[in-house]
Q: 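One structure, as structure tokens, below. Some questions next.
Chain A is the first sequence line, chain B the second, and so forth, proteins listed ahead of strands; every chain is numbered from 1. What you are looking at is a predicted structure, and each value in this text was computed from that prediction instead of being measured.
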Amino acid sequence: MLLPYSFYARDTRLVGQELLGKLLVHKGKEGVTAGIIVETESYMGSNDPASHAARKKTPRNFVMFEEPGISYVYFIYGNHYCFNVVAHVEGIAGAVLIRALEPFLNIKLMMKRRKTDRVLNLTNGPGKLAQALGIERGQNGLSLIKSGLYIEDIGIKTKGIIKSSRIGIKEGKDLLYRYYIKQSPFVSVQ
DNA sequence: GACCAGATTGTCT
DNA sequence: GACAATCTGGTCA
């Protein structure tokens with residue numbers, strides 16, 4: 001089942017947790033790739049100092065203020081893209097960073113894009129999974145309900161969700177907005 | 001396996 | 001001009 005608009009139009013932290021176990025699919029020119037989400041981080045609006053949306057709207061972060069259910073892709077460290085899902089209740093900003101996947105469909109194409117044949121090294125980090133699925137600048141702002149980039153519920157029941165501090169940030173470390181599946185070998189860091 | 005430095009560019013102050 | 005929601009490859013063990 002394709003996740004509907006109503007799934008995304010809720011508290012960003014709740015969406016971050018409920019995205020675990022869902023299937024992220026990207027139909028690109030080279031083929032379809034997909035992976036099961038095993039690690040996420042939620043970023044809120046003005047009340048979250050670690051968020052891109054903590055201050056005012058800019059050309060880069062404005063997508064986080066737009067309607068829920070669209071993608072937010074940004075370029076970081078001169079090398080990498082990070083894929084986020086815009087999710088928040090009406091009137092505020094927020095997005096969920098997808099940090100790790102378990103490869104599910106077309107692992108061969110992921111290996112080609114990532115230039116490695118180690119399955120455990122394909123999608124265990126935000127920059128890695130964007131590369132493996134072929135997500136970059138052109139995928140910013142796409143509708144996750146009406147485009148070839150979307151998320152499905154395939155009936156996986158998750159158990160053992162860990163909450164922890166987010167990775168790679170300076171402020172807001174006291175907030176436990178990182179969620180991952182405890183027993184998954186595909187998370188970026190335990 | 002642990003630790004560390006270097007890559008590389010868009011974005012905002 | 002500083003620096004970032006990261007990754008890789010080096011060294012040492």
Q: Does any nucleotide pair with B:dT8 by Watson-Crick or G-U wobble geometry, both distances under 3.5 Å, and what is it?
A: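 Because no pair has both required distances under 3.5 Å, B:dT8 counts as unpaired.
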Q: Is there a Watson-Crick or G-U wobble partner for C:dA5 with both distances under 3.5 Å, and if so, which one is it?
A: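 Base partner found: none.
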Q: Could you check A:Tyr74, A:Tyr72, A:Phe75 and say which one makes a ring pair (Phe, Tyr, Trp, His ring centres under 6.0 Å) with A:Tyr81?
A: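 Going through A:Tyr74, A:Tyr72, A:Phe75 one by one, the ring pair (Phe, Tyr, Trp, His ring centres under 6.0 Å) with A:Tyr81 is satisfied by A:Phe75 alone.
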Q: For A:Asn61 and B:dG10, what is the distance between atoms CG and P respectively, to the nearest whole Å?
A: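 Taking CG of A:Asn61 and P of B:dG10, I get 18 Å after rounding.
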Q: Do you know which two heavy atoms are closest between A:Glu41 and A:Ile167, and how far apart they sit?
A: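 Scanning both residues, the minimum pair turns out to be OE2-N, 2.9 Å.
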Q: Is there a donor in the side chain of A:Glu102 and an acceptor in the side chain of A:Ser184, or the other way round, less than 3.5 Å apart?
A: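 Side-chain D/A pair, A:Glu102 to A:Ser184: absent.
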Q: Are A:Asp48 and A:Arg166 ion-paired here, with the side-chain N under 4.0 Å from a carboxylate O?
A: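 Salt bridge flag = yes for A:Arg166 with A:Asp48.
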Q: Which heavy atom in A:His88 sits nearest to a heavy atom in A:Pro68, and how many Å separate them?
A: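 Residues A:His88 and A:Pro68, closest heavy atoms: O-CG, 3.5 Å.
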Q: For a quick test of reading the model, state the closest non-hydrogen atom pair linking A:Ser42 to A:Tyr179 and the distance between them.
A: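 So the minimum-distance heavy-atom pair works out to OG-CE1, 3.5 Å.
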Q: Sort me out a list of protein N/O and nucleotides 4-7 of chain C N/O pairs below 3.5 Å, or just none if empty.
A:
{"from": "C:dA4", "atom 1": "OP1", "to": "A:Lys170", "atom 2": "NZ", "distance (Å)": "3.0"}
{"from": "C:dA5", "atom 1": "OP1", "to": "A:His52", "atom 2": "NE2", "distance (Å)": "2.8"}
{"from": "C:dA5", "atom 1": "N9", "to": "A:Tyr74", "atom 2": "OH", "distance (Å)": "3.2"}
{"from": "C:dA5", "atom 1": "N7", "to": "A:His52", "atom 2": "NE2", "distance (Å)": "3.0"}
{"from": "C:dA5", "atom 1": "N1", "to": "A:Asn84", "atom 2": "OD1", "distance (Å)": "2.6"}
{"from": "C:dA5", "atom 1": "N3", "to": "A:Tyr74", "atom 2": "OH", "distance (Å)": "2.8"}
{"from": "C:dT6", "atom 1": "OP1", "to": "A:Arg99", "atom 2": "NH1", "distance (Å)": "3.1"}
{"from": "C:dT6", "atom 1": "O2", "to": "A:His80", "atom 2": "NE2", "distance (Å)": "2.8"}
{"from": "C:dC7", "atom 1": "OP1", "to": "A:Pro126", "atom 2": "N", "distance (Å)": "3.2"}
{"from": "C:dC7", "atom 1": "OP1", "to": "A:Gly127", "atom 2": "N", "distance (Å)": "2.9"}
{"from": "C:dC7", "atom 1": "OP1", "to": "A:Lys128", "atom 2": "N", "distance (Å)": "3.2"}
{"from": "C:dC7", "atom 1": "O4'", "to": "A:His80", "atom 2": "NE2", "distance (Å)": "3.1"}

Q: For A:Asn140 and B:dG10, give me the distance from atom CG to atom C1', rounded to whole Å.
A: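 In whole Å, B:dG10 C1' lies 13 Å from A:Asn140 CG.
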